[in-house]
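Take a look at the structure below.
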Protein chains: 2
Amino acid sequence: MRNKKRAVTIQDVAKAAGVSVSTVSRVLNEKVDVAQDTQERILDVIKQLGYTSNLAARSMRGRHSHLIGLIIPDIGFPYSIEIMKGVNQAIAQSDFGLMVYTTGDIQKNATASLEQHYVSLLNNSITDGVIIVAPIAQDFYSDGPIVSVDPHKMKPNFPSVHANNYEGARQAIKYLIELGHTRIGFIAGRPELESAERRLRGYRDTLVEFGLPLDESLIVQGDFTQKIAVGCAHQLLTMENRPTAIFAGNDQSAIGVYEAAEELGFDIPGDLSVVGFDNIPEAGYLNLTTIDQFLTDMGRVATEMLIQLINQKPLETLTYRMQTELIIRGSCSPIFQEALHETKSAL
Amino acid sequence: MRNKKRAVTIQDVAKAAGVSVSTVSRVLNEKVDVAQDTQERILDVIKQLGYTSNLAARSMRGRHSHLIGLIIPDIGFPYSIEIMKGVNQAIAQSDFGLMVYTTGDIQKNATASLEQHYVSLLNNSITDGVIIVAPIAQDFYSDGPIVSVDPHKMKPNFPSVHANNYEGARQAIKYLIELGHTRIGFIAGRPELESAERRLRGYRDTLVEFGLPLDESLIVQGDFTQKIAVGCAHQLLTMENRPTAIFAGNDQSAIGVYEAAEELGFDIPGDLSVVGFDNIPEAGYLNLTTIDQFLTDMGRVATEMLIQLINQKPLETLTYRMQTELIIRGSCSPIFQEALHETKSAL
DNA sequence: ATCCTTACCGGTAACGTTACCGGTACGATT
DNA sequence: AATCGTACCGGTAACGTTACCGGTAAGGAT
């Protein structure tokens, strides 16, 4: 943009069409109060000159920029990718453009003030609204509307979309119990994440509901990454009286369980049943039974909600709760009392 | 952005700090010609007021916006995602932001004029440079630098990054021939894509090089999608004297071959060997032998090149050619002369 | 004939920022 | 003492666009 050969502006168009800039601007926007032939003439000139309106000037002066901002953790994560796909679907069907900002590694960098910085940066200037994925902050100062996906707090002070994490965990545990499992390990997510906390609660409550004992040593602290989950699975699988099933906090953790199981020579689902959470594409390839939280839909819904807000239409619900669904694949098998006994006495 | 409560501007900061806007602007940018304590005072005020500079105004008036545009086909494609990951890596290590524009379905919408429109839209206004993935157009009118990934023409009139498609195809075919395969099917990509054309050429030339006959009926026209590839694979596998191996134009096509093989009761690699191209993550899960073209690296390199251009530094090469690598997994098996004979006489 | 409405169009002032051209103060040099 | 150089800072004009307020002409109503 340094040595830019002056781009064609609205002025050039006006001059070439023999009208004022105001008229050209009207044609570009409202399309009212302009004579038919004038409009056509201007449109011709625009095409001929290859004019495209300057987004910066437009969003600076005008009321709207037709741009939506997406603030998302590292897009290396399948989780982020799935949500982004949904956002993109909704964007494609609208007349909005998309600006993507990455807050970097989900682990470290993300702080409430960095989030606030991006929100201000975008909504102060260049976007009509912002979607923020997995925000830590409870509230934002923002000049434009904001919708979050999977926020940390259940009731944030802004519209949000999140999965029914509690019910999802319940579906998973119920399924495993019905298969006959009584010792079910859990690899938790980062405790400061609302979703992780709700899944843990679902795990606990469901065990109690079915009259099973709560063994705290079956709960190990993961962080939603594959790497850490390998260690967690190791811990669970080498303990005395090991669990016959593991409910992983998310699919990436489940993949870590696969890795650990392979190292230790455990067969899935023969020796060990595994259930994940998220239903990322990888789960399908690994034949992993998991809880679908419809990440793509969450991204799409959030975007649609944001567009509603931008257009100053009322929202049906402030917090949209996505239903979860148990996707049964091949990573679990029923357990029989005798087999269980064998394992028990063997250890 | 409609009822925006006036955001805090550089003027407010200037007033609060008791200096002029010019001085604040200087602090914000060059950081020269400002006294130490003045600078600190201004920085304090900025933090206190929660000021973030208006991107629109900044990029309109200033020389640079510190924004890079990415024009990419539908991000639903693993191909696009992999490239985007690389772009994001490079962005994360720079002080640039990222704007993503999707040209929609790779199949239909993409036209040279739509591409040109996006390039103008971004580079005229809001970005310092643009990366365009798999462009059709041979050249662009642009006010800022532009780098392409995987362009249609081998020698486009702008810097580009592309894989060594010809050599990649050669590696695949050579590998299959060395395993003893003589009848190798090929599912071609869309012929207007340079990459598809080069892979086809590599397929042909390598067969000839090793003295094998060229059977045109072994070449079927795909379009790089899984869906179409299923039909292609069906055609190949049900023909008289069917191929013992299939080289798919890309990994998604290879996945289609898996699907067709399953339907027809063929075992991979027992009855059929398959090689893909791209090495998307799915290939790992499917244990698919494939050609890695390092898509993520391509995205990263392209971004680095663009940043070089934006900073007006010279480029080492105008067209960066990424080497390919054969990734041997479990989708191929050697074929023995007798087994081949059996197959032949059986049909 | 005069007034009023309607359809169309133009002029101008912002929007928030940076580049550019100055200007002041003060110590150093002649 | 006069001059100069340096460090610091302010004023102003753009950048390209749209919102707002007018203004003109034509044609119908009075």
Side-chain angles (χ1 to χ4, degrees), chain A residues 1-15 17-42 46 49 51-67 120-126 128 143-144, chain B residues 1-15 17-42 46 49 51-67 120-126 128 143-144:
Chain A
M1 233 148 115
R2 203 72 61 93
N3 298 336
K4 61 182 329 181
K5 33 183 175 180
R6 273 255 301 103
V8 34
T9 74
I10 199 174
Q11 320 261 4
D12 304 327
V13 175
K15 208 165 291 175
V19 293
S20 73
V21 288
S22 311
T23 307
V24 179
S25 178
R26 260 189 296 264
V27 170
L28 255 35
N29 302 326
E30 315 146 64
K31 305 206 174 234
V32 295
D33 252 18
V34 175
Q36 185 72 27
D37 58 340
T38 311
Q39 191 180 125
E40 283 168 7
R41 191 170 73 248
I42 291 173
I46 286 176
L49 263 52
Y51 166 79
T52 48
S53 83
N54 185 312
L55 279 182
R58 177 191 277 261
S59 75
M60 180 168 149
R61 191 63 189 89
R63 292 251 189 285
H64 44 268
S65 64
H66 280 271
L67 240 41
S120 298
L121 185 66
L122 294 176
N123 262 356
N124 266 350
S125 1
I126 218 170
D128 292 342
D143 298 296
Chain B
M1 231 148 121
R2 202 71 62 95
N3 297 337
K4 62 183 329 180
K5 31 181 176 177
R6 272 255 300 105
V8 35
T9 74
I10 199 174
Q11 322 260 3
D12 303 326
V13 174
K15 206 164 292 173
V19 293
S20 72
V21 287
S22 310
T23 306
V24 179
S25 179
R26 261 190 295 264
V27 170
L28 255 35
N29 302 325
E30 315 144 65
K31 305 207 174 228
V32 294
D33 252 17
V34 176
Q36 185 70 27
D37 59 336
T38 310
Q39 191 180 124
E40 283 168 8
R41 189 169 75 247
I42 292 174
I46 286 177
L49 262 56
Y51 165 79
T52 49
S53 84
N54 185 311
L55 279 182
R58 177 191 276 261
S59 76
M60 180 167 148
R61 191 63 189 88
R63 293 250 190 284
H64 43 268
S65 63
H66 281 270
L67 242 42
S120 298
L121 185 66
L122 293 177
N123 261 356
N124 267 349
S125 3
I126 219 170
D128 292 342
D143 298 297

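A, B, ... follow the sequence lines: proteins, then strands. Residue 1 opens every chain. Here the structure is a predicted model, which means the values were calculated and not measured.
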Rounded to whole angstrom units, what separation is found between the [atom1] atom of [X] and the [atom2] atom of [N]?
| X | N | atom1 | atom2 | answer |
| --- | --- | --- | --- | --- |
| A:Leu28 | D:dG16 | CG | C1' | 12 Å |
| A:Ile46 | D:dT17 | CD1 | P | 10 Å |
| B:Arg58 | D:dA14 | CZ | C1' | 18 Å |
| A:Asp12 | D:dG16 | CG | C1' | 11 Å |
| A:Ile10 | D:dT17 | CD1 | C1' | 6 Å |
| A:Lys15 | D:dT17 | NZ | P | 13 Å |
| B:Asp33 | D:dT6 | CG | P | 12 Å |
| B:Gln11 | C:dT17 | CD | P | 7 Å |

Which of D:dT17, D:dC9, C:dC9 is nearest the side chain of A:Asn54? It is D:dT17

Winner on side-chain proximity to B:Thr9, out of D:dT17, C:dG10, C:dG16, is C:dG16

Assign each of A:Gln36 and A:Ser22 the nucleotide of DNA chain C bearing its closest heavy atom; nearer the 5' end lies the nucleotide of A:Gln36

Quick check: closest heavy atoms across [X] and [Y], and the distance to 0.1 Å?
| X | Y | answer |
| --- | --- | --- |
| B:Ser120 | A:Thr52 | CB-OG1, 3.4 Å |
| A:Ile10 | A:Val24 | CG1-CG1, 3.4 Å |
| B:Ser65 | B:Ile126 | OG-O, 2.7 Å |
| B:Asn123 | B:Asp128 | OD1-C, 3.9 Å |

At less than 4.0 Å, is any side-chain N or O atom of [X] found next to OP1 or OP2 of [N]? Yes or no.
| X | N | value |
| --- | --- | --- |
| A:Thr38 | C:dC9 | yes |
| B:Arg61 | C:dA19 | no |
| A:Thr23 | C:dG10 | yes |
| B:Ser25 | C:dT18 | yes |
| A:Asn29 | D:dT18 | yes |

The residue, B:Asp37 or B:Ala57, whose nearest nucleotide of DNA chain D is more 5′ is B:Asp37

Problem set entry | Donor/acceptor link under 3.5 angstrom from A:Arg26 side chain onto base of C:dG10 | yes

B:Arg58 vs B:Asn29 side-chain heavy atoms within contact, under 4.5 Å:
yes

